[in-house]
Amino acid sequence: MQEKYQPNEIEHAAQAFWNTTQSFRATDDADLPGSKPKYYCLSMFPYPSGKLHMGHVRNYTIGDVLSRQHKMRGYNVLQPMGWDAFGLPAENAAIQNSVPPAQWTYDNIAYMKRQLQSLGFAIDWSREFATCQPSYYKWNQWLFLRMLEKGIAYKKTQVVNWDPVDQTVLANEQVIDGRGWRTGAVVEKREIPGYYLAITRYADALLADLDTLPGWPERVKTMQANWIGKSTGVRFAFPYASSGATEKLWVYTTRADTLMGVTFVAVAAEHPLAMRAAQNNPQLAAFIEECKRGSVMEADMATMEKKGMPTGLAVSHPLTGASIPVWVGNYVLMGYGDGAVMAVPAHDERDFAFAKKYGLPIKPVIAVAGETFSADCWQEWYADKERGRCINSDKYDGLDFDAAVSAIAADLKARGLGDTQVHYRLRDWGISRQRYWGCPIPIIHCPACGDVPVPDDQLPVVLPEDCVPDGSGNPLKKRADFINCTCPKCGTAATRETDTMDTFVDSSWYYARYCAADNDSAMVDARTNHWMPVDQYIGGIEHAILHLLYSRFWTKVMRDTGLVSHGEPFANLLTQGMVLNHIFSRRTEQGGLQYFAPDEVNLTLDDAGRTVGATAKADGLAVDYQGMGTMSKSKRNGVDPQSLIETYGADTARFFMMFAAPPEQTLEWADSGVEGAYRFLKRVWAFGHGIQASVLARPQLPAVLPEALATVRREVHLLLKQANYDFGKHQFNTVASAAMKILNTLEKMAPYAALSGHDGVRAECFSILLRLLSPLTPHIAHTLWRELGYGEDILAAPWPEPLEAALVRDEIELVLQVNGKHRGNLCIKVGADGTANRTAIEAAALASAEAQKYMDGKPPKKVIVVPGRLVNIVV
RNA sequence: GCCGAGAUGGCGGAAUCGGUAGACGCAGCGGACUCAAAAUCCGCCGCCGCAAGGUGUGGGGGUUCGAGUCCCCCUCUCGGCACCA
């Protein structure tokens, strides 16, 4: 055994051992007698962006800690890994370096795989795949065809960002302040056809089944429920006359109780009524054109200035028959509901602002006792559903929210103008992308037969891997060998669909594929039902809604297609906090953003030491400081763990990452503290080296330990108890603290070297420390376990549990308070049951010198005793 | 703007059910070892104060014998907002 801690040496040896013994190969032995319970531990697979960053290290270390601990606790653990390999960054890299996305992606995978392996993760690599492999995405296509058959997949128009210069569709990320990131051209909205998946059909199930997921964080379930946004309201129509006939303008509202307060109706720019009005109104036509530009993003829609223009048309109030003017509003979306909203300025904040701006009437129809309505400024109570009662509403006057809604809905229904309706905020999932590097949508366009699905026996539709996108549209459009085909129905010449699927499709079922990754003839098989659902899923909180919701939806579709037996993919979810770093950028001449890595700039600090700006090291010119943000390749603020691993070893990197903060917490990156983690591991090694001979001699514990040794042993078992509790909470930073405290305790044993049982206590406690550390720092734990002769393989050792016998003590320390202030401590003898008599505690407390001093001769009014914790004397 | 989370010493963080605020570590300071440095080891370390003591968990208010923890209001930071993944 080396005297000095040599991380690189022992880490290579330990990894070679795990390789040789195939330690992390998960066996599909569900039905064998005596088989272990399964534990499917999954970390979200990475996008192969080039290098790992600290967010990856954090994510995968958390998963590895849980995997290794469960393995030691006797589970059959599956921890697979793969690659979310399709996506935009590969195309961006191609534009920059003229390298085909496929080659770039596979190179990145090779590099990142080596990095993952050097961190010593307990991964079953035999199940690895990348989503850009035809053997994987074939099944995206196959299930898409099943969805098409069931009507879950369908085609309709979608609104996209269009760059008129590059003649290409832009992702939201590529639109900066309304302009294309490369061309600087003002981005237009454009309507094009695309495929949708009817996730709204599952809205109720996706909402209701959240209650079957006790292992999910409440905040994630709340976010999903709000995203689905189930509401019960009223869909009704404003009738109007049009060329002799009566037509209906439909709207949906959750505030039907305010219907008598409607003073205008707003419709989307694309609404037929708006289009009709614009035919002989050039001003309105121009405004509609203006609305059609602008952003498609919800955040922009919500923050932009609300504008409108009258159409000159009017509709009738469905109950009073009053004439209601119709406006076009830039904040009304054609894609939501019916593309029109009723406006009640008195009781909706947005309508209030709009009415004030354009001088529209405001009619209060809700009163709250003790409040006086004034149209001068908006008050929170105007929208209060709880306390409001109807006024100025004829027969509905005096009704509360529920009664008014019911009565009004009933009256609308009686007139054939509406009814109550359940509405969801959730929209269907548009999966068509006008991009090359993705899974081809298996459709053939035939001039005679229309859109024809590719027959199953012609799957997969393979994406050619040698294209190099240049930023001007999808290169598949130029590939005759891809596009040209024959119609499966009529055999005449036809063309292939060139749109590819949203990459969220790829990540919506990869966890199921790991269980049957080698199956060439089916998407999943019986092994999937054995391993699924995932017992512990770990990934960034940024995926709380989209990825997790799409995966839940996809799983339900797979279940309803008879492929799997479960309806929820992830039994337990741990949402890891983001690892943040500073973001620096500069505007380019074209109006795009150029990002600078933190090590490429010099910081400008204010008096308080906060970062307020920076200058680029390269040219000395100013760059903008954008604050802290998630580490990502596109923002160039990722920190590569490579140098950390090379300097200190994987164990230090892992330990430091776990020690830095609890997993769910956001973490601002700083590497100060890495040295401390390294120092600790060096001390662990040195201690192990120092006691090697003694432990190899297998020292025994005497029946009765001297008090000093019993105390050491009790402290270590108490720390272990705490650490096991923290493991259960996934609070690995305090597990790391406990390990440090155990070593501190053991290092203070030196004065007791001559006492009987010293070596035995030390050997027992050090074996606890090694096993506790094993999930966090597996290499050093593995090596010392063998060197000290504890066993062949620490992974096969039982997980340590505190011994009750070691925890017993005969006195406890209580905090003494006078009037709630800490004034001293009390030592009280306890009985065999570990508790002390209450009257004895009170007597001892009142008699203590500290109590006498601070009671100042006054009689005690009350004495509060919190068992095992404190005594508070109130005077 | 909407939805969700967070804020504790110079820094990362701890405090399990409302019960000793600052565990553990980093940085810093002092000392030992050394020709010297590194490494290592020992000690100190929230703020004000000579001390007694007071004060202190983003800000303001409240409940309680007792609040970092519960309630109300506010500020700031982070995540998401449907084509980044």
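By convention in this document, chain letters (A, B, ...) are assigned in the order of the sequence lines, proteins followed by strands, and residues within each chain are numbered from 1.
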- Any pair with a residue in residues 83-93 of chain A that passes side chain to side chain donor-acceptor pair (under 3.5 Å), sequence neighbours left out, goes on the list, sorted by first then second residue, please. A/Trp83-A/Glu128

- Query: By ring pair (Phe, Tyr, Trp, His ring centres under 6.0 Å), which residues pair with A/Tyr436, not counting sequence neighbours?
  - Reply: none

- Task: Could you tell me which residues satisfy side chain to side chain contact (heavy atoms under 4.5 Å, CB included) with A/Lys356, sequence neighbours excluded, listed by chain and number?
- Result: A/Phe352, A/Ile362

- Note on the structure: Residues of residues 718-727 of chain A with a heavy atom under 4.0 Å from any atom of RNA chain B, listed by number, are A/Gln722, A/Tyr725

Nucleotide N/O of nucleotides 27-31 of chain B paired with protein N/O under 3.5 Å:
{"unit_1": "B/A27", "atom_1": "OP2", "unit_2": "A/Arg679", "atom_2": "NH2", "d": "3.1"}

- Check each of A/Tyr136, A/Trp437, A/Phe504, A/Tyr510 against A/Phe86 using the ring pair (Phe, Tyr, Trp, His ring centres under 6.0 Å) test, and report the only one that passes. A/Trp437

Polar atom pairs between nucleotides 59-66 of chain B and protein, under 3.5 Å, N or O only, would you list them?
{"unit_1": "B/C65", "atom_1": "O2", "unit_2": "A/Asn872", "atom_2": "ND2", "d": "2.4"}

- Please list all pairs passing the salt bridge (Lys or Arg N to Asp or Glu O under 4.0 Å) test where one or both residues lie in residues 166-182 of chain A, with sequence neighbours left out. A/Asp166-A/Arg182, A/Asp177-A/Arg587

N/O contacts under 3.5 Å, protein versus nucleotides 42-44 of chain B?
none

Listed pairs under 3.5 Å, donor-acceptor, residues 661-677 of chain A side chains, sequence neighbours left out:
{"unit_1": "A/Glu664", "atom_1": "OE1", "unit_2": "A/Thr575", "atom_2": "N", "d": "3.4"}
{"unit_1": "A/Glu664", "atom_1": "OE1", "unit_2": "A/Thr575", "atom_2": "OG1", "d": "3.1"}
{"unit_1": "A/Glu675", "atom_1": "OE2", "unit_2": "A/Tyr648", "atom_2": "OH", "d": "2.9"}

- Task: Could I get the full list of ring pair (Phe, Tyr, Trp, His ring centres under 6.0 Å) partners for A/His689, not counting sequence neighbours?
- Result: none

- Listed by chain and number, what are the ring pair (Phe, Tyr, Trp, His ring centres under 6.0 Å) partners of A/Tyr154, not counting sequence neighbours? A/Tyr196

- Given Watson-Crick or G-U pairs with both distances under 3.5 Å, what dot-bracket string fits RNA chain B, with | for other-strand pairs and [ ] for crossing? (((((((..(((......[....))).(((((.......))))).(((....)))..(((((..]....))))))))))))....

